Structures are given as C-alpha cells and as structure tokens.
Amino acid sequence: MGIKQLFSIIKEEAPDAIKEGEIKAQFGRKVAIDASMSIYSFLIAVRSDGQQLMNESGETTSHLMGMFYRTLRIVDNGIKPLYVFDGAPPKLKSGELARRYQRKQEATEGLEEAKETGTAEDVEKFSRRTVRVTKEHNAECQRLLKLMGVPYLIAPTEAEAQCAVLARAGKVYAAASEDMDTLCFNTPILLRHLTFSEQRKEPIQEIHLDKVLEGLNMDRKQFVDLCILLGCDYLDPVPKVGPHTALKLIREHGSLEKIVEFIESDKKGKYTLPDDWPFADARDLFFQPDVRTAEDPLCDFKWEKPDIEGLVQFLVTEKGFSEERVRSGATRLEKNLKSSQQSRLEGFFKPVPKTEAEQKAHKRKLEEKNEEAKKKRKEDKKEKAKAKAKPRGAN
DNA sequence: CTCTCACA
DNA sequence: TGTGAGAGG
C-alpha cells in the first residue's frame with residue numbers, strides 16, 4: 001500500500017502541491033466523501049469495552065453515531081458534505097486481478113488482526129477481524145443522511161472514482177479522503193484530515209494534483225504508473241521497489257511497459273516482478289473507472305432542511321440515542337445548512353477594525369449603508385405604488 | 001469516532 | 001484555554 005510512500009514522495013518532490021490550513025479555510029465549500037470507507041472506520045473506531053455500540057435490542061449503532069456527529073461537525077464549519085457510497089465491486093478485466101483484489105480486501109482485515117497480535121486485547125482483536133460494512137449499515141446511513149438533509153449518491157462501483165469525477169467537474173471543491181489513491185482517479189484536489197483538525201492539532205491538507213504532476217514532472221499516466229509500482233489496491237507491489245526506486249524507474253524508463261521490459265531483460269536480475277502482474281489492467285481501472293458522468297441527473301444533489309421528528313423517531317425511538325443530543329444536533333444542522341446556502345464569500349473573515357476610532361468609522365459606514373438601504377426601500381415602495389395605481393395594460 | 005465535563 | 005478520561009448506545 002503506497003499511501004505513506006506516495007505522500008512522502010509528494011512532500012519531497014512537489015512540496016507546493018500540499019497546502020495546509022485550518023478547517024475554517026474550507027468554509028462554504030462542497031466536498032465529496034467516500035461514505036463506505038467512513039462507515040468502515042466508524043465500525044472499527046466507535047467502540048466501548050471492545051464492543052461496538054449497540055441499542056437495547058443489540059443492533060449496532062456505531063456507524064450511525066459516527067456519521068451523525070462527524071457530519072454535524074463538518075456542517076458546523078460551513079462545509080457542505082456529499083456522501084458517495086460504493087456500488088458493486090469493480091468488474092475486473094483479468095481473473096488474476098480479481099483474485100488479487102479479493103485477497104487484498106481480505107488481507108486488510110487480517111492485517112488489523114496481525115497488528116494486534118501480542119497485545120492482550122483478544123476480544124478486540126476478534127471483533128475487529130469480523131468487521132464488514134453490510135448492506136444494512138449502508139442503508140441505515142442513507143436513511144440517516146436523508147433525514148439530516150445531507151445528499152448522497154450511490155456510485156456504480158467505487159466511491160473514490162465517483163468522488164473524483166464530481167470534483168473534476170467542479171460539482172464539489174474536492175474529494176475528501178485519507179486515501180492517496182484517490183489522486184489516481186484524477187481528482188484535482190484531495191482533502192485529507194478533514195475531520196480531525198481543531199480537536200487534534202493536525203492541519204487540513206489540500207493536495208493539488210496539477211502541482212503534484214508539475215513537481216514530479218510527469219504526466220498523469222506516469223503518475224498512475226508510479227502509484228501502481230508502489231502498490232495500489234489492485235496489484236501487489238514489486239519486491240524491493242520503494243519510493244526512491246519507483247521514482248527512479250519511472251524517470252528512467254517512462255512507463256510500466258518499459259520498466260517491465262527492463263526488469264525482464266536485466267541480466268543482473270536485481271528486481272523480480274510478481275508472477276502475474278497485469279499492470280495494464282490495473283491502469284485501466286484508474287483511467288476508465290465505472291462512474292456516472294457529472295451530468296447524469298443522478299449526480300444532482302442539494303442540501304435540505306433536516307427532518308427533526310424523523311431523526312428523533314429513527315435515532316431516539318428506534319436506536320436508543322439521547323433525545324436531547326439528537327434534537328440539539330438537528331438544530332445545529334438546520335441553522336448551518338440554511339446559512340451556508342450562500343456560497344463562499346471571499347473576504348468574509350476580514351476582521352472588524354480594532355481601535356476605537358476605527359470602530360466608530362466602521363459603525364458610521366454601517367449606518368450609511370443602512371440609510372441607503374432604507375432610502376432604496378422607500379423608492380421601491382413608491383415605484384410599486386405607482387405601478388399599482390397605474391396598472392399596466394399598454395403594450 | 002466525537003462529545004462532555006472535570007480539572008489544571 | 002487546553003488537555004485527559006470516560007461515556008455514548
């Protein structure tokens with residue numbers, strides 16, 4: 001998995017591509033979020049005594065908890081989230097690719113377990129391994145979002161790819177994900193650490209793909225080849241090839257075709273490719289993912305007022321949440337989604353003048369504006385009255 | 001994971 | 001104002 005490696009390469013070779021800032025800087029922006037990935041992490045992280053949270057009937061509530069509060073926090077910051085759910089698993093062209101993909105998926109869960117080996121947390125270990133995002137989890141989160149007035153859409157296959165399409169089309173500002181692989185799907189901007197700013201001290205990262213390519217001096221194809229070489233979700237990495245070598249190989253040979261050629265003809269046999277390594281098929285998945293175009297009516301979305309009573313019914317009555325918390329959450333949601341109707345205003349955060357003189361000047365200005373507005377209203381009224389008195393019929 | 005509340 | 005422990009369902 002090249003997540004760390006890819007980031008370190010970018011940091012090294014294209015530092016301008018990474019912009020760090022506070023969450024406030026994202027005010028008014030729309031972002032696309034991979035819902036299924038989020039749900040998975042909630043199921044793992046939202047726990048108490050090693051168990052997922054559950055209501056009295058034993059139904060899991062971790063995913064709803066996580067999604068409810070995280071979304072609230074995002075919305076509190078004036079950000080408008082759009083969730084994208086995974087559809088069917090991608091149809092992989094080669095059988096080998098499919099095999100590896102499946103194994104990787106299973107390994108992801110096994111890895112969590114392996115990491116825990118040696119610690120005394122047997123219970124946790126066991127329950128983590130069995131975590132799967134089910135149809136029911138997805139459906140419940142969709143119901144929750146609907147009640148919250150937060151839009152979502154279901155991707156034909158992979159959510160990440162769909163997020164990238166929306167960002168590329170300008171329907172959202174960025175794809176928000178922790179997964180660097182999202183860049184391979186051609187999102188112009190990747191937003192990382194969207195949620196844990198403020199509370200933690202880490203800043204939000206914007207990673208700009210154009211700057212990445214510029215800094216690496218590569219086109220998109222070479223960049224994707226680089227990522228595949230580092231080990232993407234669909235293919236195993238090449239043994240002994242780390243970030244440094246991967247970069248060097250791409251720079252010297254220009255493409256995976258040439259690199260494979262080189263490795264196979266290299267008499268010294270420094271590197272060995274995995275037995276079956278259908279890199280071209282993996283590359284296709286990044287270049288021709290199964291997605292809806294941004295113009296598809298199914299990609300239309302809007303933010304609406306929350307259904308407060310519906311939320312209470314679902315979360316409180318059915319799932320045992322605290323009514324007070326749900327209601328106060330719903331109120332926050334109502335307030336924020338209303339006020340963020342207006343789009344991003346540059347200069348919105350210009351500080352109010354500080355000295356007394358400046359404050360007075362500022363006040364005067366406001367009064368002037370007020371006066372002007374009043375006058376205008378009066379005039380408008382007059383116009384209207386005139387129009388009424390002299391109803392139009394002439395034309 | 002996120003919230004809350006107690007405590008420096 | 002900030003941090004840590006503990007609850008949440």
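On a predicted model such as this, the values are computed, not experimentally measured, just so you know. Proteins get letters first, then strands, A, B, ... in listed order; numbering begins at 1 in each.
Distance CE (Met54(A)) to P (dC1(B)): 20 Å, rounded to an integer number of Å. Computed from coordinates, the His63(A) NE2 to dG9(C) P distance equals 14 Å when rounded to whole Å. Between the CD1 atom of Ile44(A) and the P atom of dT2(B) there is a distance of 15 Å, given to the nearest Å. In this structure, CD of Glu323(A) is placed 20 Å from P of dC3(B), rounded to the nearest angstrom. Put simply, CZ on Phe42(A) is 16 Å from C1' on dG9(C), counting in whole angstrom units. Look at NE2 on His193(A): it is 11 Å from P on dC1(B), rounded to the nearest Å. In this structure, Ile39(A) atom CD1 and dT2(B) atom C1' are separated by 17 Å, rounded to whole Å. Rounded to whole Å, atom P of dC1(B) lies 15 Å from atom CD1 of Ile33(A).
Listed by residue number, the members of residues 308-317 of chain A with any heavy atom below 4.0 angstrom from DNA chain C form an empty set.
Grouping Ile, Leu, Val, Met, Phe, Trp and Tyr residues whose side-chain heavy atoms lie under 4.5 Å apart, directly or via other members, places Val165(A) in a hydrophobic cluster with Val291(A).
Partners of Arg325(A) under the salt bridge (Lys or Arg N to Asp or Glu O under 4.0 Å) rule, at least two apart in sequence or in another chain, do not exist in this structure. Arg283(A) pairs by the salt bridge (Lys or Arg N to Asp or Glu O under 4.0 Å) definition with Asp225(A), Glu257(A), not counting sequence neighbours. Residues passing the ring-ring contact (aromatic ring centres under 6.0 Å, His included) test with Phe68(A): none are found, sequence neighbours excluded. With sequence neighbours excluded, the residues forming a salt bridge (Lys or Arg N to Asp or Glu O under 4.0 Å) with Glu309(A) are Arg327(A), listed by chain and number. Annotation: side-chain hydrogen bond (donor to acceptor under 3.5 Å, both in side chains) contacts of Gln205(A) (sequence neighbours excluded): Glu20(A), Arg192(A).
If you check every strand for non-hydrogen atoms under 4.0 Å, Gly66(A) touches nothing.
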Expected rows: protein N/O vs nucleotides 4-8 of chain C N/O, under 3.5 Å:
unit_1 : atom_1 : unit_2   : atom_2 : d
dG8(C) : O6     : Arg47(A) : O      : 2.9

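Closest contact between the side chain of Arg70(A) and the listed nucleotides dG9(C), dC3(B), dC1(B) involves dC1(B).
Judged purely by atom type and a 3.5 angstrom limit, Gln222(A) uses its side chain to pair as donor or acceptor with the backbone of Gly254(A). Under the 3.5 Å distance criterion, the side-chain polar atoms of Ser62(A) are left unmatched by any main-chain donor or acceptor of Gln52(A).
Residue pairs that meet the salt bridge (Lys or Arg N to Asp or Glu O under 4.0 Å) test with at least one member in residues 153-175 of chain A, sequence neighbours left out, are Lys171(A)-Asp300(A).
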